[in-house]
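Below: the structure, in structure tokens.
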Amino acid sequence: MPPKTRRKLNPSSSKKSNVPNNQSQVQPSKFGIQHFFERHSQNALLASQKLNHLSSPPAPPSATPPTNPIPLSPSKSNAASNGAVSVSPNPNLHSHSSPATEAADEVSPLVSKSTSLKRFNFSPGMLIKQSQDDGGDEVTWKISPVNERLLAVSKHTPVLPDSSKHNSFLIHQCSQTKGINTAAKFDKWLSSPSPKGKADKKPLLQANRFGLKRLNPFQDKEVGDSIADENTCLSSRQTPFCTPPSLPYCPDKLANGVASHHLGLKQHKKALLELLDQVEDVISVEDFVSSESEPYSSKAQEGMSKEIPVTADSIGNDVSMGTTNKVSGTSSNGYFLVLEVSEKQTFPESGGSQWPYKVLRLVNEKSGEERAVYLWEEWSYSVIAPGDTVNVIGEFDEEGKCNVDHENNFLIVHPDILVSGTRVAGSFSCPRRTVLDERLRCNEHSTAALIGTLLHQIFQAGLVKESPTVHFLEEYARIVLQKNMESLYACGVNEHEIYKTLTEAIPKLVNWIGLFKDTQEPQVPTVDFGSDNGAKKVEVLEVIDIEELAWAPKYGLKGMIDVSVRVKVDSGGKEGHEKIMPLEFKTGKMANGQASAEHCAQVILYSLLMSERYLKHIDSGLLYYLQSDQTQGIIVRRSDLVGLIMRRNELAHDILKALTTQQLPPMLQIPSMCKGCRHLDVCTLYHKAFGGNTESSGLGDIFDSHVHHFSNAHGVFLRHWDQLIDLEAREMQLAKKEIWRSHNHKNENSTGCLSSLVLDELPQQESHKENRFIYHFVCRYSPTNNLSGSDRNSISAASSLTKDLDCSLKSGDYVILSTESGHQFVATGIIVELSPDRVSVSFSKGLRLPGGNLSSMREKLLQEVWRIDKDEIMTSFSVMRFNLIQMFLDNEQSSHLRKMIVDLAVNAPRFDSGCIFSQDPAISYIWSEKSLNDDQRRAILKILTAKDYALILGMPGTGKTSTMVHAVKALLMRGASILLTSYTNSAVDNLLIKLKSQGIDFVRIGRHESVHEEIKGHCFSGMNINSVEEIKLKFDQVKVVAVTCLGITSPLLSGKKFDVCIIDEAGQTTLPVSLGPLMFSSTFVLVGDHYQLPPLIQSTEAREKGMGISLFCRLSEAHSHAIAPLQSQYRMCQSIMELSNALIYGDRLRCGSPEIANAKLKFTKPISCSSWLKIVLNPSEPVIFVNTDMLPALEARDQKTVNNPMEAYIIAEITDGLVNNGIEGKDIGIITPYNSQASFIRHTCKASVETHTIDRYQGRDKDCILVSFVRSNVNPRSCSASLLADWHRINVALTRPKKKLIMVGSWRTLSKVPMLKLLIDKIDEQSGILSLSNDDFNHRTLALQRCSLIRVTKAQILEGEAQ
């Protein structure tokens, strides 16, 4: 057992303190928060002198006087520079106002880097930062998002002498506005006033200024009518989207009637604004300009303006919101960071009504330029707070200001959150339901929804077919049913019944296609586009695309457009003109009221998406209702777009608020609507978990009946894990921002991206019967294209594509394909194959670039340069949340799991303690099976006698997979049904391959591309299944079903129950992921080893708070009697096994046989090499540590990456010695903790040897393993925070070799890590340490030889580029 020392915290860091820790103080980051405070202290005097010239506005007579920001005293400045001040960048993102919030003080996760947590360096509970490219020496919290952005900005604003500040930081045009292009023209159209005329300056919702609470904008007809009477709209038709979305859901107003939209605790916001005030000079580095009054926009100049102190941190001085430098009026699509939000009111000279407006002080995240945005009319109700990211679509004037109002420009809040058009359209009635839709992935399957999906596919097939007939579509309906057989099974319907329903609708589809697409001139149909535009003749000339994926990060929107068409529109006898527009297909009747508004909203948003995708002005769309056989034209009006974009902003705000504070929008409180909601169970549980009660729910007995079983302990558990999931989801979302922001280029250190790719060939035919299209991409300048076969092998390891292929991309990953030139998103797909020279991706349909025609598309695709990004999809987090909340439902299965997992202390697992009878065939089989050892027999008996659950501790090399195979056979003898799961596809398939060899039949559920070739025949996609009955029959015949933990949402598992669920790799699977499969069975078995790698958690804060503790670990520590350990290992020889035995397993591991214990590396040739290399390769020394302290072998750093070239050269030399003396490359493995080192070694080695990080080697083994520890310093400090201090990783590295373990590293540096010091001392006991000197190793000559290979490779690449 590893030493279980309790983790200790430095008392001074266990709570917030302003006392600097001088003993552990480190230099502040160059562009960190401390740096900004230091820079501020240098300019504080100058700034204060300039500020004296600014006048403060008079305080409103009816409002509380504003609280001025408190200046930073010298003492506080020093404390801040020492990292003792914790600042929250956005109160919306980090405040918890629910009653469930813990009152105890904790260390803030946003403390500065110099405030480190003191930990014991070796402890099973030790948690460290797990980035494999991080070379940091200290455990550091992630700097806040605001600080990261300020850091990025500061890179564009170097420190200059005071005399040069003003001249060097003039605001220039944005880099994205070079010249006038089609995109700029489209932006100008969106930003320009409506052709109907200028709207009235009054805010459209003046009636709501006094905080009237509205539940539903569509239901308040009387209020809406009165508003329409008081305000002038752009058209005669009242838009249903003009209501500021924040009003109905933010009933809390200030005394003066202006909504307070800030979420968090005001002291946090105050701290943020104080911080932003301090760093203002550093960001813009410009002098203050003396001003008597604020340079108001033309609207503000109509009357007096005075500031409303909406929060305690309102700005007390009327500081200029714009930049002091003159700029030319430019169009902007850049991302801005909100520094300050001021809420103000105008006072017309004639004594009219007061008009609220907002002023945003922004800084461009890319250039550092400062701007000001004025939000007027309905935009003034936008929910925006300091620290938010916004995208301004419009023009800034010469003073750097932009007005956003009913007629001009747009403001997109949180543009990185891409919200689907369907979500936006459906969120007006109940935002809480929409946010739950976004956060949870449910397993519900509706027959009506399925029929709609099938009719969509049939209609789309008819549109792309030249003159389709009823017979053609009826035959295609059979194909569609065949493709969707799994969904039919999930809905419990018969394909014949559904086919009858489909065929009844086909004549209408054929008639519509014939009328609109294949019509003759006299019979062109007319479509009503509303009272303002009347009826117009519409003819579909071309179907451009179907199910077109459209993403518009500029607007924070995404969507899947049913049909993109090119039409000819003729109105009023005028000559027709061609347009591109979306066609939305609805299978029901033409709707009225709210449903109609939602449908119109979808078409309007799809038109906006298509405008961005095609860079054309698209101002209309079509809606076709099948059941009523009616077609409606939709005109895109700016008034509608304003309301929809504001609703989108509000929804993005709600989604982010839920992600960061676990606070959902309030309940609707309408029992008649809520009782039929699909989220009623979940909605009520969340409400109670976060402090709600029956009265606040507004549902009375309905609420009580759904939450009566939910205890306070359950609430604590749910809140805790819900927060952990969100912390991890936020980390992944940050990684995804790089994809959305088109102005960012590929980071050289990125591990989830491949760039500069071209298509190798276009697919000649579809892949298997799932109708997938597989495209092959190769490196644009592949060095192997110009080499002979012998040369290709020698440098293939150095090709840029191969280098990138070791990144996080792997077969089965979801990826995003985009063009590298225009960074236009084209499609999403799945990687099906990775090789040294190409990557193959499967798509649901053929690739097509926006615009163009089919004849030229092939050439365009082959000429295009592509980029592939890993799609860090949030689906897995939706599944996690769904799994978690399912455990708290009021049903028998959920209750049983709660007792086992939540109520640990009072509910120990039960085992059958009765007499085991010999007539039990399963027991007889276990005792008679000669291939099993005693440990394995005891483990299987533990499984057979378990009433609740059993835990199998599979130590390295102990044959846990073989044990599971025999356990499955024993369970099948009892007639049990079994669900086999694991987190990875490879682990599931490895187990199934062994089951197949034993003649056990099974069904494999999963994506065809992700399944092992030997197993694909057991997938339904590889079977000849033609009916729902055949699926049922197959499930009746087969008792074993296998799926990944995240694949449990498959429709094939809908309603299924099993006797036993077995989860392999349970030690590497997070608790929320593990919960999903457990919902399908009454008894479960967890197989794993929590002494090896824990679940991979990207978020440091989530890991610190316990997300890395798997369910296997939780149950093992609570009830050790449920564990059956496997201790006889069949992998490592005696000397290698003793290392992990002494350090980790407490001498519990033992060799399974003498042959294993005495195994040695066998060379087929006499060892011929240098003397030091002979010592290293000596087979009689299974463990050797090569000490590099006498060599110039220091680590090299590049930003956050770290590598060690000298260690790479030594590893390469040893590898060559192994291969040259008869050891095959496939029997050698190279391991290192860092990605950058793995890449360096891969480029340095001549031999083809598997080189990966420790994490990638989990579950693998080789005859000989070489380990490069990388870290080496002249004056080494403690490496307690590095990857080397993680004893889980060290354990994995030590247990991969069978016969030979060669380690290369610095004894001086590694000895600073207690775990590694114990390791080196143990090796020293075996006399296995070899110290190299310059006499032994001529590093200069070797380095030149190794680098020549890389130079040749680069030359080939340049030659290819020149050609």
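In this text, all values refer to a predicted model and were calculated from it rather than measured experimentally.
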- With a 4.5 Å heavy-atom cut-off, do Ile458 and Leu509 have their side chains touching? yes
- Task: For side chain to side chain contact (heavy atoms under 4.5 Å, CB included), just list the numbers for Met1079 and Leu897, CA-CA rounded to whole Å, side-chain angles, deciding distance to a tenth of an Å, and then say yes or no.
- Result: CA-CA 8 Å; Met1079 296 299 299; Leu897 280 182; 3.2 Å; yes
- Query: Shortest non-hydrogen contact from Leu1046 to Ser876?
  - Reply: CD1-CB, 3.8 Å
- Nearest-0.5 Å distance that lies between atom CD1 in Ile498 and atom CG in Leu450: 6.0 Å
- Heavy-atom check, side chain of Phe825 versus side chain of Lys558, under 4.5 Å: no
- Query: Does Gly426 offer a backbone N or O that forms a donor-acceptor pair with the side chain of Gln594 under 3.5 Å?
  - Reply: no
- Indicate the atoms forming the closest heavy-atom contact of Val988 with Ala1042, along with that distance. CG1-CB, 3.8 Å
- Item | Heavy-atom side-chain proximity of Asn990 to Lys994 below 4.5 angstrom | no
- Between Leu817 and Val815, is any pair of side-chain heavy atoms under 4.5 Å apart? no
- May I ask you to decide if the ring planes of Phe1002 and His1018 are parallel, tilted or perpendicular, using 30° and 60° as cut-offs? parallel
- Do the side chain of Ser895 and the main chain of Glu892 share a donor and acceptor less than 3.5 angstrom apart? no
- Looking at Asp545 and Lys845, does any basic side-chain N land under 4.0 Å from a carboxylate oxygen? yes
- Message: Check whether Arg433 reaches the backbone of Cys677 with its side chain - one donor and one acceptor, N or O, closer than 3.5 Å.
- Response: no
- Query: side chain to side chain contact (heavy atoms under 4.5 Å, CB included) between Val1073 and Val879: does it pass, once the steps are laid out?
  - Reply: CA-CA 8 Å; Val1073 172; Val879 175; over 6 Å; no
- Please report the C-alpha distance between Arg772 and Ser844 in whole Å, then the side-chain angles of each, then the deciding distance to 0.1 Å, and finally whether the side chain to side chain contact (heavy atoms under 4.5 Å, CB included) criterion is met. CA-CA 5 Å; Arg772 304 282 299 186; Ser844 60; 3.6 Å; yes
- Item | Verdict with supporting geometry, Lys996 and Glu1014, salt bridge (Lys or Arg N to Asp or Glu O under 4.0 Å) | CA-CA 9 Å; Lys996 186 177 180 180; Glu1014 291 186 40; 5.3 Å; no
- Start with the C-alpha distance between Gln482 and Asn1026, add both sets of side-chain angles, then the distance that settles side chain to side chain contact (heavy atoms under 4.5 Å, CB included), and finish with yes or no. CA-CA 7 Å; Gln482 182 65 35; Asn1026 298 309; 3.7 Å; yes
- Message: For the residue pair Arg1007 and Tyr814, would you count it as a cation-pi contact if the rule is NZ or CZ under 6.0 angstrom from the ring centre and within 45 degrees of the ring axis?
- Response: yes
- Message: For the CD atom of Glu486 and the OG atom of Ser1021, what is their distance to the nearest 0.5 Å?
- Response: 7.5 Å
- Message: Test your reading of the model: is there a side-chain donor-acceptor pair from Ser894 to the backbone of Asp890, 3.5 Å cut-off?
- Response: no
- Task: Measure from the side-chain N and O atoms of Ser1081 to the backbone N and O of Phe1084, and report whether any donor-acceptor pair falls under 3.5 Å.
- Result: no
- Message: Exactly one of Glu547, Glu548, Lys586 should register a side-chain contact (heavy atoms from CB on, under 4.5 Å) with Asp562. Which one does?
- Response: Glu547
- Query: Do Arg848 side-chain atoms and Ile544 backbone N/O form a donor-acceptor pair below 3.5 Å?
  - Reply: yes
- Item | Within 45° cone of Phe1020 ring axis and under 6.0 Å: Lys1034 NZ or CZ | no
- Query: Is Glu504 atom CD crowded by more than 12 heavy atoms from other residues, nucleotides or ligands, each under 6.0 Å away?
  - Reply: yes
- Side-chain donor-acceptor contact under 3.5 Å, His679 with Asp437: yes
- Task: With the side chain counted from C-beta on, respond yes when Thr1083 and Phe1058 share a heavy-atom pair under 4.5 Å apart, and no when they do not.
- Result: no
- Give a yes or no on whether the backbone of Ser977 and the side-chain of Asp1059 come within a donor-acceptor separation of less than 3.5 Å. yes
- Parallel, tilted or perpendicular: ring planes of Tyr625 versus His599, cut at 30 and 60 degrees: tilted
- Phe1080 and Leu1053 have their tightest heavy-atom pair at CE2-O, 3.3 Å
- So, Gln602 and Glu598: side-chain donor and acceptor under 3.5 Å apart, yes or no? no
- Message: When you compare the side chain of Phe459 with that of Ile513, does any pair of heavy atoms fall below 4.5 Å?
- Response: yes
- Sub-3.5 Å donor-acceptor pair from the side chain of Asn511 to the main-chain atoms of Pro507, do we have one? no
- Heavy-atom pair of closest approach, residues Val510 and Leu473: CG2-CD1, 3.5 Å
- Min side-chain heavy-atom separation Leu481-Leu502 under 4.5 Å: yes
- Query: Could you state the interatomic distance from CG (Leu992) to OG (Ser997), rounded to the nearest 0.5 Å?
  - Reply: 10.5 Å
- Task: Kindly give the heavy-atom pair with the smallest separation between Ser1074 and Thr1069, and that separation in Å.
- Result: OG-CG2, 3.4 Å
- Message: Once rounded to the nearest 0.5 Å, what's the spacing between atom CG of Leu651 and atom CD of Glu438?
- Response: 7.0 Å
- Find out whether Tyr775 and Leu759 are in side-chain contact, i.e. whether some heavy atom of one side chain is under 4.5 Å from a heavy atom of the other. yes
- Can you tell me if NZ on Lys589 sees more than 12 non-hydrogen neighbours from other groups inside 6.0 Å? no
- Query: Out of curiosity, Glu1029 CD to Ile1031 CD1, how far, rounded to the nearest 0.5 Å?
  - Reply: 10.0 Å
- Message: I need the single residue from Lys1016, His1012, Arg1004 that forms a side chain to side chain donor-acceptor pair (under 3.5 Å) with Asp989. Which is it?
- Response: Arg1004
- Task: Count the heavy atoms belonging to other residues, nucleotides or ligands that lie under 6.0 Å from OH of Tyr983, then report whether that count exceeds 12.
- Result: no
- Polar side-chain atom of Glu495 near backbone of Val1028 as donor-acceptor pair, under 3.5 Å: yes
- Can we call the ring centroids of Tyr489 and Phe1035 under 6.0 Å apart? yes
- Under-4.0 Å salt bridge between Lys500 and Glu497: no
- Taking all atoms of both residues into account, what is the closest heavy-atom pair of Arg423 and Val419, and its distance? CB-CG1, 4.0 Å
- Query: Can you check whether Phe516 and Tyr624 have ring centres sitting under 6.0 Å from each other?
  - Reply: no
- Give a yes or no on whether the backbone of Ala550 and the side-chain of Arg613 come within a donor-acceptor separation of less than 3.5 Å. no
- Query: Can you tell me how far CG of Leu515 sits from NZ of Lys508, rounded to the nearest 0.5 angstrom?
  - Reply: 14.0 Å
